[in-house]
Protein chains: 4
Amino acid sequence: MAYYREDPQGDDSRSKRQQILEAAYAVFSRKGYHRATVDEIIALADTGKGTVYNYFNNKEQLFYTLIRERSQPFETALEQVADADQPVLDKLQAMVRLFLRFYLDNAALWRVMMHEIRGFGSDGLSYVKAETRDKYREGFSRTIGMLGRVLQEGIDQGLLREVNVAHTAHALFSVIVALTFQQFVADVDTAAHEVTDIFLYGLVRK
Amino acid sequence: MAYYREDPQGDDSRSKRQQILEAAYAVFSRKGYHRATVDEIIALADTGKGTVYNYFNNKEQLFYTLIRERSQPFETALEQVADADQPVLDKLQAMVRLFLRFYLDNAALWRVMMHEIRGFGSDGLSYVKAETRDKYREGFSRTIGMLGRVLQEGIDQGLLREVNVAHTAHALFSVIVALTFQQFVADVDTAAHEVTDIFLYGLVRK
Amino acid sequence: MAYYREDPQGDDSRSKRQQILEAAYAVFSRKGYHRATVDEIIALADTGKGTVYNYFNNKEQLFYTLIRERSQPFETALEQVADADQPVLDKLQAMVRLFLRFYLDNAALWRVMMHEIRGFGSDGLSYVKAETRDKYREGFSRTIGMLGRVLQEGIDQGLLREVNVAHTAHALFSVIVALTFQQFVADVDTAAHEVTDIFLYGLVRK
Amino acid sequence: MAYYREDPQGDDSRSKRQQILEAAYAVFSRKGYHRATVDEIIALADTGKGTVYNYFNNKEQLFYTLIRERSQPFETALEQVADADQPVLDKLQAMVRLFLRFYLDNAALWRVMMHEIRGFGSDGLSYVKAETRDKYREGFSRTIGMLGRVLQEGIDQGLLREVNVAHTAHALFSVIVALTFQQFVADVDTAAHEVTDIFLYGLVRK
DNA sequence: GATGAATGAGAATTCATTCAT
DNA sequence: CATGAATGAATTCTCATTCAT
């Protein structure tokens, strides 16, 4: 790491790599993968073009790094809750809260990513190599899978009805993403309550 | 210059326009907005490049036209069901079926569009005028709004609990999109049942 | 081919493709492969950058096309002489003349090519795919091989001593290239005589 | 700034320079001038990038130094033979052997150089000052000139026919280079014999 | 002296759009 | 109207060189 600057409290004390990642986050989020240009990223990061390529092989890997570094703490936190020794419904709600918080911060970037890993380039014209795409997908599988595991736990305990776990986990996930994306989430706790309430007890008045 | 040609005299000129739209549908769906090239579209449409620009101002307007023409029949059908004089729960399930069917056919293109209406020039470098973006968004508002209207109807009749209608309509919508996108929908009727079942009665065993 | 211009005697009446090839010839010859820039080529060809890529896939293929189109007439002429029903020594001298004339015109470009097809990128970092490189090499093998065939003919007839044909053909070839490159060739006939004289009768005074 | 350091105090500093030169030799030989990167050279030399620029002004001067240092011992040895008091034909063959041995070792690098001294900024965009280019050329002139001097000696002694000495020396030289480059030289003595045999006695059976 | 992070001037390539025929 | 050759702005990526430590 190069800390040339004498004032480590200044904004420039972040490592160049970090500055680039943060700028990339902003630009990718705002513009999407394609419309995001390296030029815009370096302008925001206040760095030279070559510097980006010192730290990252190419635009695609910069994007991937961004996703990976952002998702890791989230996944860890989610796993802890999923594996916790608590009532299933509490765990579910806690997980929904984690999801909401994460997507509230990252919805824009994740939308971009979801778009990029789509079937595109099924015919080889893709920019994202199949192998990279699979790495992205594994990320989703892991997190949504954790939701599924807890749902299954609830079913096994006789608490929940016997529904298709994979489908339901995806449904829950998609609702979370939709709400955050639609900026319907003013307060995480309220939204988490709202979501779990519908999923657990349904719309029909008893 | 835009030659919309609302009145096709010759059968030939109409079919050209149609050929282009169909090719554009295929290419945009497969490649996304950016990676879709006019060259690929004309190759598939078996027409000249200039011809595309006779019928459409530019790539973006071609895309918009595509979306508009595809969504119109769907919206009409949806509206008929929403306004029908039937039990609310039946209407809801029928609407879910319509949605599922529509997104089963058009998920790819709609995903592209959803992605594009974010980022389409949120700032100075816009490719799309804010006004166009809003037109896309209105489309969503209309269809999701119809879901909301029927939900409200159910609430008014005392059938459904008093939830946030807009949020719930979006949630329902997002689940539909997620299921189709994840290719979890083998059979529309089954999937419609699955979705409404969860939303109406919840996961918790009574 | 597009002949927009009204004056077909003008310099611009050559097809764009031809203009580009001629400009590329000049620039590659003068600068070598790497230092030749597409920008310089289009400046000389008085054309747009995209036009180059309409006619040629990339810089490398432009270069290859150049080589191929230039060498074809030469190879044909050489073959005719090699296969002619004439005395071996006459054929040899005629072939040397053809070689000299060809390399007098094309030495610069051929030098560039010879440099490019060298072992470079034996380790995968090459710009020229092995397969392309082999196509270049086949070209050399063919023309030098024709020299060899005629030498062999001379040996078979008992006219020439039993030397290593491949080596000798390459030696003869290299001398031709060296003389033209060193601009020692004022007059093709004289130079051809000089070369064959040494190769056939040696330096030692009898 | 150029720090040539003709007087190495520390053993370490000399070895750095030497390490760089050796790495540069390997990389330039394998990749050619342009494709050789300073990064690759320092990786092989196990040194820092700045260090290269402490010893050499730039990439080009590094290349030049390489050539100069490599050619010096060869030129000295060649001169000794040329000036020796021996029969002309013996001297010629000995010189051919020296050439073959030298180019067998250095063909790759010399080819690169030969290619670069053409094109090295024949016009305004020169990377290399004309003066530098001429220094390279003088090197060739000197060694080929020594061949010429011995040939002339043979002519003066009535041993050889009165041919154009400069042309013939270049021809001899080019054959040597061609054979080594084509990897036709398995054994220096055999190849030297083969070359002189053809040049001295010709192909025609007496 | 040695180092290597930072830099930016190029270079190749893509692709929407125009316009003469 | 249909066409497609021509175009150049925009974009990614490379790599020699600098310079603060």
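In what follows, chains are A, B, ... by sequence order, proteins preceding strands, each numbered from 1.
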What is the distance, to the nearest angstrom, from the [atom1] atom on [X] to the [atom2] atom on [N]?
{"X": "C/Arg17", "N": "F/dA6", "atom1": "CZ", "atom2": "C1'", "value": "16 Å"}
{"X": "C/Leu62", "N": "E/dA11", "atom1": "CG", "atom2": "P", "value": "16 Å"}
{"X": "C/Glu40", "N": "E/dG10", "atom1": "CD", "atom2": "P", "value": "13 Å"}
{"X": "C/His34", "N": "F/dA16", "atom1": "NE2", "atom2": "C1'", "value": "14 Å"}
{"X": "D/Ile42", "N": "F/dA16", "atom1": "CD1", "atom2": "P", "value": "10 Å"}
{"X": "C/Tyr55", "N": "F/dA5", "atom1": "OH", "atom2": "P", "value": "6 Å"}
{"X": "C/Gln19", "N": "F/dA5", "atom1": "CD", "atom2": "C1'", "value": "13 Å"}
{"X": "B/Glu60", "N": "E/dC15", "atom1": "CD", "atom2": "P", "value": "18 Å"}

Heavy atoms from C-beta onward define the side chain here; which of [options] lies closest to that of [X]?
{"X": "D/Asn54", "options": "F/dA2, E/dG1, E/dT7", "result": "E/dG1"}
{"X": "B/Thr51", "options": "E/dA16, F/dT12, F/dA2", "result": "F/dA2"}
{"X": "C/Lys49", "options": "F/dG8, E/dT7, F/dT11", "result": "F/dG8"}

*So which one's nearest nucleotide on DNA chain F is more toward 5', A/Val38 or B/Asp46?*
B/Asp46
*Quick one: on DNA chain F, does B/Val52 or D/Ala36 contact a more 5' nucleotide (nearest heavy atom)?*
B/Val52
*Are A/His115 and B/His115 linked by a side-chain donor-acceptor pair shorter than 3.5 Å?*
yes
*Could you tell me the separation between the CD1 atom of A/Ile117 and the NZ atom of A/Lys135, rounded to the nearest 0.5 Å?*
13.5 Å
*Reported CG-to-OH distance for the pair A/Leu44 and A/Tyr25, which is rounded to 0.5 angstrom*: 12.5 Å
*Give me the one residue out of B/Arg70, B/Lys16, B/Glu69 that meets side chain to side chain contact (heavy atoms under 4.5 Å, CB included) with B/Leu21.*
B/Glu69
Taking 4.0 Å as the cut-off, does a side-chain nitrogen or oxygen of [X] come that near to OP1 or OP2 on [N]?
{"X": "A/Tyr53", "N": "F/dC13", "value": "yes"}
{"X": "D/Lys59", "N": "F/dA16", "value": "yes"}
{"X": "A/Thr47", "N": "E/dT7", "value": "yes"}

*asked:* At 4.0 Å (heavy atoms only), tell me whether C/Ala45 reaches a base, stays on the sugar-phosphate, or touches nothing.
replied: nothing
*At under 4.0 Å between heavy atoms, what does A/Asp39 touch on the DNA or RNA strands: base, sugar-phosphate, or nothing?*
base
_Less than 6.0 angstrom separating the ring centers of B/Phe63 and B/Phe56, yes or no?_
no
*asked:* Pick the closest DNA chain E nucleotide for B/Gly50 and for A/Gly50 by heavy atoms, then say which residue is nearer the 5' end.
replied: A/Gly50
_Taking pairing as Watson-Crick or G-U wobble with both contacts under 3.5 Å, can you name the mate of F/dT21, or confirm there isn't one?_
E/dA2
